[in-house]
Amino acid sequence: MIDYLSGLNEPQAQAVTHGPGPLMIIAGAGSGKTRVLTFRIAHLIENGVDPFRILSLTFTNKAAGEMRARIEKVVGYEARNIWMGTFHAVFAKILRIEARFLGYTSDFSIYDTDDSKSLIKSIVKELNLDDKTYKANVVFNRISGAKNNLISADDYLANPLFRADDEAAKLPEIGRLYKAYTTRCFQANAMDFDDLLFNTNVLFRDFPEILNKYQHKFQYVMVDEFQDTNVAQYLITKKLSAVHRNIAVVGDDAQSIYAFRGANIQNILNFERDFPEVRVVKLEQNYRSTQTIVNAANSVIARNKAQFKKNVFTTNEEGGLIDVVKASSDNEEGRLIATAIFEEKVNKGLRNTDFAILYRTNAQSRAFEEALRRLNIKYRIIGGLSFYQRKEIKDLLAYLRFIVNQNDEEAFKRIINLPKRGIGDTTVAKISVSAAEHRVPIWEVVSNISRYVAGRATLPIESFATLIKSFKILLEEGKDAYAVASHVAKASGILRELYEDKTVEGLSRYENVQELLNAIKEFVDNPDNEDKTLSSFLQTVSLLTTADESDDDGDTDRVTLMTIHGAKGLEFKNVYVVGLEEGLFPSQMMLEKREDLEEERRLFYVAITRAETKLTFSYAESRYNWGRLNMCEPSRFLFEVDQRFLMMTKGRRSGGMDDYRNNAEPSSMNFIRQIANRTSQTPKGTTETVKSSAGVSSPKVPTPPPPTNGANTSSEPFVASDTSTLEEGNRVEHPKFGKGTVKKMDVNGTDRKAIIHFDTTGEKTLLLSFAKLRILR
DNA sequence: CGGCATTCAGTTTTT
DNA sequence: CTGAATGCCG
């Protein structure tokens, strides 16, 4: 037996050796959480627990894979038998086994977000609703929110509260859309991401004998990143562990950054209520970062009101101050960071993998990519548009999905006329109308088209049906996923069409399809996969996380670029947190919603605590948005860090932003000037000149400082007026921009915008459905 | 039905 | 600026 306990501190050892009974580990950033989880599982196995009876839910498949590998090092081969994966993956596996109880087949499709939105769009059209009012995005989010809280379509329709809410938002038909959407998914034998949770809960609720089976099967249940679980996830895990009550959850409320998808910090409180005998262990010692970094992170998170008491500390060395880099534009920001990485590499002999650039939105990666390429620094981007979201990949996958499940309407819509075979929108509409009229599945109509629809497309549809049938035969003969897929790629004409396209992107698409086929081959050849059917491959693939994608070629020494969300659970020697500007981080949407920004602040906290030895913040004074150069203000988050930890690049320690905290009202222009004076001249090669006149809202008067701690500058609470009567010439007040005059109203369909000249900040265009305005009389 | 021109909306974050 | 969606014509 390996003596893995010797290197652990007291609370860590407690968590590892805790036997039966509920356990909650509050694990601060960098406190060795993964180690504890790994050893805990290893410890259980060494004490005779059957790996088949351990369920471990992690956040990404990659995290699961890594943990499995680490456990294997301790306990050996047995580690493979642990049920380990994301909530979605594990529940999909259970649903696949038990599908028939819910009226699904085990070949059910999994709709991704695009499929869901496309289906919603069709439904909106079919119900003759205005697609400008009922935007697929909005409707989808509403439905998703309901499902995450386990509210069914019928519950939704029956609840007058939701109706009132929807009517207030001028979207009274959401309930009907939800119902129709659910029905269509069911008819398509398809589940969306949320259904994987929602339906698992239905399964366990309505079929106690099935619940009972899994309750007894899973003797120990473990949940990682507990702060990011939503109501559905918590309820299911609670049910699963109700018999043995051996549930261990690990989380950190300060790192809860998924509220937008239903995560509920309340779960941490509920846990203590639901399992009163729980043992709570706090891991507070940080082994990852320097004192400066830990303390800076603490100074930020201390501003949040909602938090668990916890004292994260470290005995590591003090470390250098946090650099603050000011750039004049997004492109210069890229160059400055790339140069800094280059110099750090040379001076300290670091490798590319020691660096990470973290940003708020995927779109920000461009400037950094260009700058890194120019300096010949290898990088990898995690997230963004992933391999499996590319058109050509989705096309082939749609074929495969349709062969496995002929009810998959979204896959059908994708491939019916691909490659072009003379079947247009009219024909597709006829087919779906006919299917609805005769109350039969779409495939029934397609495979017997002459019986249902007459028209010039009859012949091409018949040959399409024959093609699909020939593919299905392969499947029924028991051919493995690779054999079927490679045949389909050729016989469908997808590969030929791409081959004939001799453009650069045509070539790369062809290669992508080949790469997909390779991935399928690997899947089939991997001895760990017992189920090599196409159906099994498709379900695996649709649940891949962006972080899961393969580390391409053998060249693994790369700088990592990703969103802060993607960086959760990772650590790097040097971290660059970039784009620290108001409206970007914190994001415009959060500012407009005028919530307390606590989640954005936690995100900032996560970003800071990724760094081990060196941390750098950067922001740009101007930035291109949709080809327009806009002026930016430095993020309020820069002011929220204890200023003693900051240092302007190549300058002396900052005098700090004490002025701000004292509310002495220096303008933020003042702050910029301070930094400008302390910053050395921008490096040679700065050819770019910023045309400040191009900015949409270049203020003549300095902008007011960011309000302290997200509160209004005025002491009385701000109550927005009803803007439906707003007219040109009205005087208004905005919580952030102050007082102003309406210069112009811009009505475009259902969108009502107002161009307002604010007294201090200049002209702004506000969308009235979002704007928080008070009309002054 | 398919191809071309024109218009329009969109940038949080992810399973 | 870009990709998607709409509209018009052969």
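Residue numbers start from 1 in every chain, and the chains themselves are labelled A, B, ... in the order their sequence lines are given, proteins ahead of strands.
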Original post:
Which of these nucleotides, B:dT11, B:dT14, C:dA4, is closest to any side-chain atom of A:R261?
Top reply: B:dT14
Subject >> Residue from A:D395, A:D115, A:D107 passing salt bridge (Lys or Arg N to Asp or Glu O under 4.0 Å) with A:R401 >> reply: A:D115
**OP:** From the options B:dG10, B:dG3, C:dA5, select the nucleotide whose nearest atom is closest to the side chain of A:K121.
**Re:** C:dA5
Original post:
Of the nucleotides B:dT13, C:dA4, B:dG2, which one has an atom closest to the side chain of A:K391?
Top reply: C:dA4
**OP:** Describe the nucleic acid contact of A:Y258 in one word from base, sugar-phosphate, nothing, applying a heavy-atom distance below 4.0 Å.
**Re:** sugar-phosphate
**OP:** Would you indicate which nucleotide in B:dT11, B:dT14, C:dA4 comes nearest to any side-chain atom of A:N137?
**Re:** B:dT11
Subject >> First encountered from the 5' end of DNA chain B, between A:A89 and A:E600 >> reply: A:E600
**OP:** May I ask you to say what A:T113 touches in the nucleic acid, namely base, sugar-phosphate or nothing, with a heavy-atom cut-off under 4.0 Å?
**Re:** base
Original post:
Do side-chain atoms of A:T229 reach the backbone of A:F226 as a donor and acceptor pair under 3.5 angstrom?
Top reply: yes
Subject >> Nucleotide of B:dT13, B:dG2, B:dC1 approaching A:H565 most closely (side-chain heavy atoms) >> reply: B:dT13
**OP:** Among the candidates B:dA9, B:dG10, B:dG2, find the nucleotide nearest to the side-chain atoms of A:W626.
**Re:** B:dG10
Original post:
Base, sugar-phosphate, or nothing for A:N417, non-hydrogen atoms under 4.0 angstrom?
Top reply: sugar-phosphate
